[in-house]
Amino acid sequence: MNQDINAESIRVVGDDGEMLGVMSVDQALAKAEEIGLDLVEISPNSDPPVCKILDYGKFKYQAQKKANEARKKQKIIEVKEIKMRPSIERHDYDVKMRAINKFLDEGDKVKVTIRFRGREFLHQELGMQMLQRVRDEIEEKAKVEAVPKMEGRQMVMVVAPR
């Protein structure tokens, strides 16, 4: 900005967006001072560097405003976890499925975990069947991001909304 620009010649853009051409830094500073604005280096890596005559305070304010607006609009995708057991009852399963559908509608990923305790660990195929059933029920709403796999004493599957 202003005196901190260290290039011999620069391409200058006026405050109205009009190209003023290539000139020395001193000439550009004089032009900016004449208008009552600042000379700001926009593209330092180009040859010659591009500088623009503008109100630096207003420029910073609008850049910050634009960044805040972009941050406000972005959706942070969370990973929600639903835990089940292989011997889950029908009603409990339905409640868990409603929760999974709600999370998917909100745009969140869902990690479905089947926990094996005691002798249930010998019947891992029951857990695999349950995860297949979950996948089949939410097939039109979600896609499987991580296929079912064992992690210690639990089987995990991750689904994401389509």
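Residues: numbered from 1 along the sequence shown.
If you chain together hydrophobic residues whose side chains sit under 4.5 Å apart, I100 and M128 fall into the same group. V22 and L29 sit in two unconnected hydrophobic clusters of ILVMFWY residues. Membership requires side-chain heavy atoms under 4.5 Å apart, directly or through other members. Under a hydrophobic clustering in which Ile, Leu, Val, Met, Phe, Trp and Tyr are joined whenever their side-chain heavy atoms come within less than 4.5 Å, directly or via other members, M84 and M150 fall into the same cluster. The hydrophobic cluster containing M97 also contains L104, counting ILVMFWY residues as joined when their side-chain heavy atoms lie under 4.5 angstrom apart, directly or transitively. Linking Ile, Leu, Val, Met, Phe, Trp and Tyr residues whenever their side-chain heavy atoms come within less than 4.5 Å leaves I82 and V158 in two separate clusters.
The shortest non-hydrogen separation linking V79 to K111 is CG1-CB, 4.0 Å. Across all non-hydrogen atoms, the minimal contact from P86 to M130 is O-CE, 3.4 Å. Nearest heavy-atom pair across C51 and I10 is SG-CD1, 3.6 Å. Of all the heavy atoms in R115 and R85, the pair that sits closest is O-CD, 3.6 Å. Between A160 and E145, the closest heavy-atom pair is CB-OE2, 3.6 Å. Between G14 and K52, the shortest heavy-atom distance links the atoms O-CE, 4.0 Å.
At most 12 heavy atoms of other shown residues, nucleotides or ligands fall within 6.0 angstrom of atom CZ in R117. No more than 12 heavy-atom neighbours from other residues, nucleotides or ligands sit within 6.0 angstrom of CD on E89. Counting heavy-atom neighbours within 6.0 Å of Q132 CD, excluding the residue itself, gives a total above 12. Taking a 6.0 Å sphere around OH of Y93, one finds it holds more than 12 heavy atoms contributed by other residues, nucleotides or ligands. Within a 6.0 Å radius of CZ in F121, more than 12 heavy atoms belonging to other residues, nucleotides or ligands are found. The local environment of CD in E151 is crowded, with over 12 non-hydrogen atoms from other residues, nucleotides or ligands closer than 6.0 Å. Surrounding CZ of R162 are more than 12 heavy atoms belonging to other residues, nucleotides or ligands, all under 6.0 Å away.
Residues I42 and V13 have side chains not in contact (no heavy-atom distance under 4.5 Å, counting atoms from C-beta outward). Under the 4.5 Å side-chain criterion, counting only non-hydrogen atoms from C-beta, E33 is not in contact with L39. Counting heavy atoms from C-beta outward, R153 and E120 have side chains that stay 4.5 Å or more apart. F103 is listed as a side-chain neighbour of E106, based on a closest heavy-atom distance under 4.5 Å. Here the side chains of L122 and F116 are not in contact, with every heavy-atom distance at 4.5 Å or above. Annotation: side chain of Q27 is not in contact with side chain of V12 (no heavy-atom distance under 4.5 Å).
One finds no salt bridge joining R98 and D94 here, because no Lys/Arg side-chain nitrogen approaches an Asp/Glu carboxylate oxygen to under 4.0 Å.
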Pair I53-L20, side-chain contact (heavy atoms from CB on, under 4.5 Å): steps then yes or no:
CA-CA 10 Å; I53 297 174; L20 300 178; 4.1 Å; yes

Kindly determine whether K141 and D105 satisfy side-chain contact (heavy atoms from CB on, under 4.5 Å), including the steps that lead there.
CA-CA 8 Å; K141 261 190 192 179; D105 289 341; 3.3 Å; yes

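Between the CG atom of L131 and the OG1 atom of T113 there is a distance of 8.5 Å, given to the nearest 0.5 Å. In this structure, OG in S87 is found 11.5 Å from NE2 in H123, a value given to the nearest 0.5 Å. Remark: L37 CG to K58 NZ distance equals 9.5 Å, nearest 0.5 Å. Rounding to the nearest 0.5 angstrom, the gap separating the CD1 atom in I114 from the CD1 atom in I88 is 7.5 Å. Between the CG atom in L54 and the NZ atom in K60 there is a gap of 12.0 Å [rounded to 0.5 Å]. Once rounded to the nearest 0.5 Å, the distance linking NZ of K83 with CD of Q154 reads 7.0 Å.
A donor-acceptor pair under 3.5 Å links the side-chain atoms of D16 to the main chain of E18, judged by distance alone. Between the side chain of K149 and the backbone N or O of V156 there is no donor-acceptor pair closer than 3.5 Å. Proximity of a side-chain donor or acceptor of D38 to a complementary backbone N or O of Y56 within less than 3.5 Å is detected. At distances below 3.5 Å, not a single donor-acceptor pair connects side-chain atoms of R135 with backbone N or O atoms of A142.
Across K72, K65, K66, a single residue satisfies side-chain contact (heavy atoms from CB on, under 4.5 Å) together with E69, and that is K72.
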